[in-house]
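Please read the structure below before turning to the comments.
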Amino acid sequence: MADDRDADDRDPSDTGGDTQAKELREAFVEDDARWDDIRKARQTDITALGPDSTWDENDREDRKAAGRPCLSFDELGQYVNQLVNDARETNRAIEVNPAGDASTAGVARLVGDLIRQIERKSNAQLAYTAMFENAVSGSYGFLRVLPRYVQQKVGEAPTARAFDQELFIDAIPNPDVVVPGHFMKADFSDCTRMWTHESFSEREFKQRFGKKATTTSLDVIARTGGPKWGDAKRTWVRECWEIRSAPRTLLLIDGGPNAEPLVVWEDTYEGEQPENVRTRVVEQPKVYQCVTNGYEVLDEFKNWPGRYLPIIGCIGKVLWTEDSRQILSLIRNALGPQQLFNYYCTSEAELVGMTPKFPWFYYKGALDPVNEQALKDSNRVPVGGIAVDPKPEGWNPQMGPMPFPSRNPYAPPIQEFEVGAESTRRRIQSATGTGFLPTDAQRVNQKSGVALKEITTSAAKGAFHFIDNFEHALRRTGEVVVDLIPYYYDRPRDIHVLGNDRKPIQVRINDKAAVPKDKNYGTQPLMLTPNVELDVALGTGPSYDSERDKASEFADQLVQARPEVFAAIGGDVVRLKNLGPEGDKIAEVLDALAPPPVQQLKAKGQAPTPREQQLATQLQQAQQQIQQMSQVMAADQHKEEAKAQAAGQLEQMRGQTQAQIEQLKADLAVMLEEIRGKQKLEQMDRQAAIDAADREDQQAHEMALAGADAAQSVQAAETAALQADKRAMFGNGAPTA
């Protein structure tokens, strides 16, 4: 039989000779007692979500003994499912950014992609969901980060990969296997001790710890450790994780006006300390791990490489009453309304079941045995008729005929119970913080997509503190993984990471001679060392599938509005449709048909293959030839433009000349009309002026003859001068006219 005494009531001599085990037992008793009330409250919450719901055990047994119904209705579980599924639907990504002098954007991007690969390979979403669901339904949940060897099973020809390790994020489905020490922060980041346990039968314990244990008798272990450590059938082996800080003095030595200061630990500095020195005491935390069954230490304390406990927790709402703390689940304050709801619905069902069982009342002797049985059967099956003796034996004829059988009518208050049940449902919504908007906002004509989204968002705000604590826990998970990566990815090797588009990328790490092929990681070798300081944040948004659906929908709208854009993004549009291998072939063809600037933009940040380099060279040569031909064509085009311009100017001059000619013709026509109008007047004056004209003609003739003589003299002089000029130019052999 197991000893029921508590561990701290043991005789110190009854410790199996292991003093360290006794210290661990005492530490566990302290942490377990602090956590016990929170664990018991969680058990009540989980029971309320199960088939037993919120019924009191004594009340349940009484109803069962009396044959009365005891029904349970799942109202609480639906609010838990709604909040958990909302968290599952939203994608939360761990983001890594450079923080220290030794970190670069390329290393930060690599670590972020590596965390994404760790999450995919370890199916971390299950761990995240289990932790959050436990916190919502029972006030707390946990997960853990642990390493595993890449080659778990070493074959006949092992390779160096058999010594490589990788990190995994594992779920802890049952959070009660974890007992945390004292903590104040919601993400357990200030917790310095945690316990996890696993139970073993005697056979299992021998197989697992037979070589490490001095005894495998569960009875001996239970007598020493107490009921918290086992009984005659099973024993609990606990893993203790503890952070122990040791003070260490840091020195800052001034190197002079032109020298950098020297920072060194005091215990590593050789020689006497100079006067111009500053000191600082630093608490250096170290994580230790050991395994014990309460009787003895099965695995001694070992150094854990990281700075943090690898167990991450998430809790619900915290309430403090003086020094007492309560951690509430989503449904903690809704247990009372749920209990009342069960009573309402069970009582309604009970009354409905009792309604057809009210008896018939009839006088004795009024029915013979056959009709009496028919009356009884009429409660269950239709009966054609029942014969009643109007004057049975002993009946006073003066009282008239015998009355027909009757029963007291009864209508159960179903409507009142339904109103009460609906009222308790509203109380459950209010207690869980998921109360919806008033009914006016839920009318049929207002249930558009936007309205439903607003209703859902408003309903979820009352429980947003669970989402907030969940995000703190995920960020803490990222900090733990980032802290452990340099210790488990510590030698030169090729690893696969997962890009933001969920495509695997092979990367060479910790090799000083290897330059990243993917330019997104920079141009320097990727060295994962513990001195690389990185900052961890949490990004939230829709899941990758949701992003892809949105992108596909937007691409369709863009192509419809701007069909010319399809030439540039056709390959990407096809890939968004998830058409499989045939769709990938179509996308490759469309990528090849894309304009050169688009192809260059897509190729940016990627190392070209030899084939791509050859094609790029050919493309460059073709572009040069095109440029030369363009220059020749431009010169020819310039000549043609000059000819066309001259032809245009000539045509313009012709047009202007023709216009002037037409204008002159018009002017002459006007003048001719004026002359014709004046001819009549001139004819009247001619006769009178004939004589004067004759005289004037005579004088003019004489003057003309004189002018002709003068002109002939001038022409002879010009001819003589021309002959003289010719002789001056050509000599005596000058030609004559």
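Values below: all heavy atoms of this structure, side chains included; hydrogens, waters and symmetry mates excluded.
Under the 6.0 Å cut-off for aromatic ring centres, Trp35 and Tyr140 qualify, their centroids lying closer than that. When ring centroids are compared, Trp229 and Phe28 come within the 6.0 Å threshold. Checked against a 6.0 Å centroid threshold, the rings of Phe132 and Phe466 do not count as neighbours.
Of the charged side-chain nitrogens involved, none lies within less than 4.0 Å of a carboxylate oxygen, so that Glu198 and Arg238 do not count as a salt-bridged pair. Between Arg39 and Asp32 a salt bridge is recorded (basic side-chain N to carboxylate O distance below 4.0 Å). By the 4.0 Å N-to-carboxylate-O rule, Glu471 lies too far from Arg475 to be salt-bridged with it. Between Arg307 and Asp483 there is a salt bridge, since a side-chain N of the basic residue sits under 4.0 Å from a carboxylate O of the acidic one. A salt bridge does not link Arg116 with Glu119: none of the charged nitrogens is closer than 4.0 Å to a carboxylate oxygen. A salt bridge does not link Lys40 to Asp45: none of the charged nitrogens lies less than 4.0 Å from a carboxylate oxygen. Using a 4.0 Å cut-off between charged side-chain N and carboxylate O, Glu204 and Lys206 make no salt bridge. A salt bridge links Arg491 and Asp164; the closest N-O separation between the charged side-chain nitrogens and carboxylate oxygens is under 4.0 Å. Salt bridge annotation for Asp190-Lys185: absent, with no cationic side-chain nitrogen under 4.0 angstrom from a carboxylate oxygen.
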- Can you check side-chain hydrogen bond (donor to acceptor under 3.5 Å, both in side chains) on Glu239 and Thr196, steps first, answer last? CA-CA 5 Å; Glu239 192 176 50; Thr196 64; 3.3 Å; yes
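Of the inter-residue distances, the one linking Leu49 atom CG with Asp52 atom CG reads 11.5 Å to the nearest 0.5 angstrom. A distance of 10.0 Å separates CG of Leu146 from CD1 of Ile311, quoted to the nearest 0.5 Å. Note that the CG atom of Asp490 and the CD1 atom of Ile485 stand 12.0 Å from one another [nearest 0.5 Å].
With Arg109 contributing its side chain and Tyr521 its backbone, the two residues share no donor-acceptor pair below 3.5 Å. A donor-acceptor contact shorter than 3.5 Å is absent between the side chain of Asp511 and the backbone of Arg493.
When the options Trp241, Phe188, Trp195 are evaluated for a ring pair (Phe, Tyr, Trp, His ring centres under 6.0 Å) with Phe142, the one that passes is Phe188. Partner of Glu266 under the side-chain contact (heavy atoms from CB on, under 4.5 Å) criterion, chosen from Val281, Val277, Leu251, Thr279: Leu251.
Annotation for Arg278: atom CZ does not count as buried by contact number, only 12 or fewer foreign heavy atoms lying within 6.0 Å. The local environment of CZ in Arg280 is sparse, with at most 12 non-hydrogen atoms from other residues, nucleotides or ligands closer than 6.0 Å. Environment of CZ in Phe163: sparse, with no more than 12 heavy atoms of neighbouring residues, nucleotides or ligands closer than 6.0 Å. Within 6.0 Å of atom CD in Glu260, 12 or fewer heavy atoms from other residues, nucleotides or ligands are found, so the atom counts as exposed in its surroundings.
Side chains of Gln117 and Asp113: a donor-acceptor N/O pair is absent below 3.5 angstrom, by distance only.
Considering every non-hydrogen atom in both Asp231 and Ala222, the closest pair reads CA-CB, 3.8 Å.
Within the 4.5 Å cutoff, no side-chain heavy atoms of His465 are placed close to those of Leu328.
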